[in-house]
Amino acid sequence: MGQTEQKTWKFPGVEEPYRTSLQYTPYFISALAYLVVPLLIAWLVPADIAVLFALVYLPIVSVLLGVLDALMFRFTWAYAVISGVFFWFATRYAFADSAAVYLIAVLPCILAGDWVASRIKLSRHHRDRSPIQTSTSPAAER
């Protein structure tokens, strides 16, 4: 008997459903952004400036990290959750105890950046594969 070919659905623009080693870069950058940078800020600047820094730094970095992950891979909930865990650990040692409430803002910012970038990537993919091709006829080339 002949073998039947199984067809599986793939994400548009993604060859494999799993991350390559390069596509794990956003996790490494997220660990640096949430675990190392807050610790450096806590050591280097006074507390009142550190709070202002956190209020500006966290949303911006969260959105940018979400965008980076979606552009390098695709939209995933796992990235936001794992980055949120990184941030939660950072609140345990680098921020005041009440800073854990910032997690409420960090997770939606990561998801928003991830979702927006994945939509842009998806629309670019569909635009590039559009059945409407602009071609020139031989008469137009003359």
Side-chain angles (χ1 to χ4, degrees), residues 1-138 140-141:
M1 300 205 144
Q3 292 180 343
T4 59
E5 188 177 315
Q6 285 186 336
K7 293 187 178 186
T8 58
W9 185 83
K10 291 184 178 181
F11 286 94
V14 177
E15 297 301 320
E16 294 292 326
Y18 307 105
R19 289 182 186 264
T20 63
S21 57
L22 182 63
Q23 290 171 329
Y24 279 101
T25 305
Y27 286 104
F28 177 71
I29 295 171
S30 180
L32 288 175
Y34 293 128
L35 297 173
V36 177
V37 172
L39 185 62
L40 292 174
I41 295 303
W43 284 344
L44 298 176
V45 298
D48 54 343
I49 296 174
V51 170
L52 180 61
F53 172 80
L55 292 174
V56 174
Y57 172 78
L58 290 174
I60 292 172
V61 166
S62 299
V63 170
L64 292 177
L65 287 172
V67 167
L68 177 67
D69 181 58
L71 291 178
M72 290 189 79
F73 187 55
R74 66 174 183 258
F75 175 82
T76 59
W77 285 86
Y79 179 74
V81 170
I82 291 170
S83 293
V85 169
F86 289 153
F87 176 71
W88 183 81
F89 280 118
T91 62
R92 304 282 43 117
Y93 71 85
F95 294 107
D97 291 338
S98 61
V101 75
Y102 295 151
L103 189 58
I104 296 170
V106 167
L107 283 176
C109 287
I110 295 170
L111 287 170
D114 212 343
W115 185 82
V116 167
S118 68
R119 297 297 109 194
I120 292 169
K121 185 177 176 182
L122 189 62
S123 69
R124 243 190 284 158
H125 174 75
H126 287 304
R127 184 188 67 221
D128 293 343
R129 297 184 140 236
S130 173
I132 302 172
Q133 299 290 329
T134 56
S135 62
T136 57
S137 65
E141 291 178 358

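Tyr79 and Leu65 make their closest contact through OH-CB, 3.4 Å (heavy atoms, listed as atom of the first residue, atom of the second, distance). Annotation for Leu107 and Ala80: closest pair CD2-O, 3.0 Å, computed over non-hydrogen atoms. Across Ser62 and Tyr34, no two heavy atoms sit closer than the pair OG-OH, 2.7 Å. Heavy atoms only, all atoms of each residue included: Val67 and Gly113 are closest at CG2-O, 3.4 Å. Ser30 and Phe86 make their closest contact through OG-CD1, 3.6 Å (heavy atoms, listed as atom of the first residue, atom of the second, distance).
With respect to Phe87, the side-chain contact (heavy atoms from CB on, under 4.5 Å) criterion is satisfied by exactly one of Val61, Leu103, Leu35, Ile82: Leu103.
The line from CD of Gln23 to CG of Leu71 is 11.5 Å long, rounded to the nearest 0.5 Å. The distance from atom CG of Leu32 to atom CG of Leu40, rounded to the nearest 0.5 Å, is 10.0 Å. Annotation: the span from Leu52 atom CG to Ile41 atom CD1 amounts to 11.0 Å, rounded to 0.5 Å. To the nearest 0.5 Å, the span separating CG on Asp69 from CD1 on Ile110 amounts to 9.5 Å.
Listed by first and then second residue, the side chain to side chain donor-acceptor pair (under 3.5 Å) pairs that reach into residues 101-118 come to none, sequence neighbours excluded.
Classified by interplanar angle (parallel below 30°, tilted 30° to 60°, perpendicular above 60°), the ring pair Tyr57/Phe53 is parallel.
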